There are 2 protein chains.
Amino acid sequence: MPAGKAKRALQVAQAIVSDIQLNAREAGDRLPQEEDMLARYEVARATLREALRFLELQGVIQLQLGRGGGPVVSRPQTRDFASSLSLILQFMDTDLRALLELREAIAPDMAAKAAARATNADLAALSDCYAQLERDRETAGFEETNRRFHDLLGWASGNPTFGLLTSALHLLTRDLAMELGYSAQERAGQLRCLARVLNAVRLRDADGARRHMERLVKGSSEYLAARSPELVTQKVRWGDPG
Amino acid sequence: MPAGKAKRALQVAQAIVSDIQLNAREAGDRLPQEEDMLARYEVARATLREALRFLELQGVIQLQLGRGGGPVVSRPQTRDFASSLSLILQFMDTDLRALLELREAIAPDMAAKAAARATNADLAALSDCYAQLERDRETAGFEETNRRFHDLLGWASGNPTFGLLTSALHLLTRDLAMELGYSAQERAGQLRCLARVLNAVRLRDADGARRHMERLVKGSSEYLAARSPELVTQKVRWGDPG
DNA sequence: ATCGATTAATGCTTATACGTTTTTATGGCT
DNA sequence: AGCCATAAAAACGTATAAGCATTAATCGAT
């Protein structure tokens, strides 16, 4: 059991994270430079650097080079989480079908919560995004805009975890299903469902939003399974998170 | 641009993962020691150590100290994923309520899928776990066994992602609600619900399993909220990743 | 044969020196 | 005075070596 002693560098990393949290550091704020941190945490420079590089890998900070540079507070993004997720899923031999199922389980509840809690700003953003979706219905940007719509819906749900998960799942799914596009007919069907979801959210109709979203994601999964049966059995692989 | 260099550690990490998969390394196998890896990947020591640290936190390897030590292949466990999750959730200011909501969204579907797909081996494991739960109903081990039950249910659902998420959420919830135990009465109620879920799974009653699980997690959430209203607004914090 | 002390291998931390990148200041030229 | 180029400085980045800490393997005494 490694519970006996945590590694010094990780202890320092945790201390830095605590410091960021306690001092309410925002993204973009500069942290103390190396010299000051050396005195503050009483470690050697290599140890401090290991902690800093570790946090950089996790997306917590960014290291800027040159004079006036130093550690800058960042915010772990969806892709950082998606990277961690895909790594563990690779070792669990998870396939695309599992990802789609999870999305089917989460997305309807997310839509319901969004209907109950969306602010006016959320609604405006969703409407804008939907308008662009209709404009992009036959262009290559459709997928990205589609992902953004689900992302916005997640944030509108008032629960960051929904947005985090659905967005990460979308990224991983797209990694696997990249070569396979959607037909125009399928896209039209998706747009109809999305319109119904959006309308239900506007009307604060949680149950309607849930049902229409359920139909949307189920339809999407079935479409992929029908188009390419081998695709849904493809295993998740830890892709380059850059 | 540090982007090219910063990803070097990730490239090395990916190479190590590929090596593990290609050579079909099992958990417990030893990887080459640091010196050999330095020559193999032609990177600086700090970079290699960064890659190894990253993989250690993700649970892919363990770094064992001392003679005959070195990097040892492991298998990412739920707690490794929970650690990564908690780090990003901390920076999203996620509170306990959000975790509970997510669990409410996932657990019912997981139970339904388990009812549809559980093998006989799964059922046997679940029954054993439930029996131990009844034995542990008034001991400190109850929570851990409870978590294991959800983990098993996830595997029984045929979709590892369900088990991974619910189990990780359980761990994080427990970290926050540690001081606040469950009353004997509440535990008895949870046990009754679990028994109904287990029975529904045995009978292949997907809808029943979903309903009973929904009631279980909803009840658990409401219990916590009633016992300590401040608790559910507590923020997730990155716990000790050892 | 078993248990305890010794030894060796290995990662962890520290220490120091030098290289790189960016900002800032200087200084001569127009 | 104003402007561009070059040099200096401030900060991080990389590299190497040495000692410390920890643990497995080994050896020896009971």
Side-chain angles (χ1 to χ4, degrees), chain A residues 1-17 19-20 25 27-74 242, chain B residues 1-13 15-16 19-20 25-74 80 240-242:
Chain A
M1 191 134 67
K5 275 190 182 178
K7 307 288 200 283
R8 194 93 183 84
L10 281 182
Q11 288 178 6
V12 174
Q14 279 191 281
I16 294 173
V17 169
D19 187 63
I20 292 176
R25 295 262 171 51
D29 288 359
R30 285 184 49 191
L31 290 173
Q33 62 190 78
E34 283 193 4
E35 286 297 328
D36 299 334
M37 282 191 172
L38 289 181
R40 183 154 161 59
Y41 300 113
E42 294 180 334
V43 292
R45 186 148 173 253
T47 304
L48 175 64
R49 277 204 51 74
E50 188 173 336
L52 291 175
R53 294 186 66 172
F54 177 79
L55 291 178
E56 186 187 27
L57 221 61
Q58 304 291 335
V60 176
I61 63 175
Q62 268 183 309
L63 294 177
Q64 288 182 356
L65 203 60
R67 175 168 176 168
V72 176
V73 177
S74 181
Chain B
M1 197 78 142
K5 278 276 184 171
K7 278 195 281 194
R8 186 103 149 261
L10 280 181
Q11 290 175 3
V12 174
I16 294 173
D19 186 65
I20 291 175
R25 294 252 163 69
E26 299 285 327
D29 289 358
R30 285 185 46 191
L31 291 171
Q33 66 190 66
E34 272 195 15
E35 289 299 326
D36 298 333
M37 282 191 172
L38 287 181
R40 184 158 158 63
Y41 299 113
E42 294 180 333
V43 293
R45 192 181 200 84
T47 304
L48 176 64
R49 283 174 58 90
E50 189 179 343
L52 292 174
R53 268 294 154 65
F54 178 78
L55 293 178
E56 185 189 28
L57 186 83
Q58 305 291 336
V60 176
I61 63 174
Q62 264 183 304
L63 293 176
Q64 287 184 357
L65 216 56
R67 175 169 179 169
V72 177
V73 177
S74 181
D80 302 308
D240 193 23

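Quick caveat: nothing in here was measured; it's all calculated off a predicted structure. Each chain gets a letter, A, B and so on, in the order its sequence line appears, and its residues count up from 1. Quick note: numbers below take in every heavy atom, side chains included, and nothing from hydrogens, waters or symmetry partners.
- A:Glu50 has its CD atom 14 Å from the P atom of D:dT14, to the nearest Å.
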What N/O pairs connect the protein and nucleotides 2-9 of chain C at under 3.5 Å? Give each pair on its own line.
| residue | atom | partner | partner atom | Å |
| --- | --- | --- | --- | --- |
| C:dA8 | O4' | B:Arg67 | NH1 | 3.2 |
| C:dA9 | N3 | B:Arg67 | N | 3.3 |

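- Of all heavy-atom pairs between A:Val12 and A:Ala51, the closest is CG1-CB, 3.8 Å.
- In this model, the phosphate group of C:dT14 is approached by a side-chain N or O of A:Thr47 to a distance below 4.0 Å at OP1 or OP2.
- Looking at every heavy atom in both residues, A:Phe54 comes nearest to B:Phe54 through CE1-CA, 4.4 Å.
- Closest non-hydrogen pair, B:Ile61 versus B:Pro71, comes out as CD1-CB, 4.3 Å.
- No donor-acceptor contact under 3.5 Å links the side chain of B:Arg45 to the base of C:dG11.
- Of the residues in residues 35-43 of chain B, none has a non-hydrogen atom less than 4.0 angstrom from any atom of DNA chain C.
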Let me have the donor-acceptor pairs involving side chains of residues 30-40 of chain A, under 3.5 Å, with sequence neighbours excluded, atom names and distances please.
| residue | atom | partner | partner atom | Å |
| --- | --- | --- | --- | --- |
| A:Arg30 | NH1 | A:Gly68 | O | 3.3 |
| A:Arg30 | NH2 | A:Gly69 | O | 3.3 |
| A:Glu34 | OE1 | A:Arg45 | NE | 2.6 |
| A:Glu34 | OE1 | A:Arg45 | NH2 | 3.2 |
| A:Glu34 | OE2 | A:Arg49 | NH1 | 3.3 |
| A:Arg40 | NH2 | A:Asp19 | OD1 | 3.0 |

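- Residue A:Ala46 is in base contact, counting any heavy-atom pair closer than 4.0 Å across all strands shown.
- The distance from atom CG of A:Leu10 to atom C1' of C:dT13 is 14 Å, rounded to the nearest whole Å.
- Of the candidates D:dG13, D:dT22, C:dT14, D:dG13 carries the atom nearest the A:Glu34 side chain, counting heavy atoms from C-beta on.
- When each of C:dT13, C:dC12, C:dT21 is scored by its nearest atom to the side-chain atoms of A:Lys7, the top-ranked nucleotide is C:dC12.
- Nucleotide D:dC20 holds its P atom 16 Å from the CG atom of B:Leu65, rounded to whole Å.
- Taking atom CZ of residue A:Arg49 and atom P of nucleotide C:dA15, one finds them 17 Å apart after rounding to whole Å.
- Contacts of B:Ser74 classified as side chain to side chain contact (heavy atoms under 4.5 Å, CB included), with partners at least two apart in sequence or in another chain: B:Gln62.
- With respect to the salt-bridge test (charged N to carboxylate O, under 4.0 angstrom), the residues A:Arg53 and A:Glu56 do not qualify.
- Here the straight-line distance linking atom OG1 of B:Thr47 with atom CG of B:Leu10 works out to 11.0 Å at 0.5 Å rounding.
- Atoms CG and CG, from B:Leu57 and B:Leu52 in turn, are 13.0 Å apart once rounded to the nearest 0.5 Å.
- If you measure from atom CD of B:Gln64 to atom P of C:dC12, you get 11 Å, rounded to the nearest angstrom.
- A donor-acceptor contact under 3.5 angstrom links the side chains of A:Gln11 and A:Arg8, judged on distance only.
- The side chain of A:Arg53 has D:dT14 as its nearest neighbour among D:dC12, D:dT14, D:dT22.
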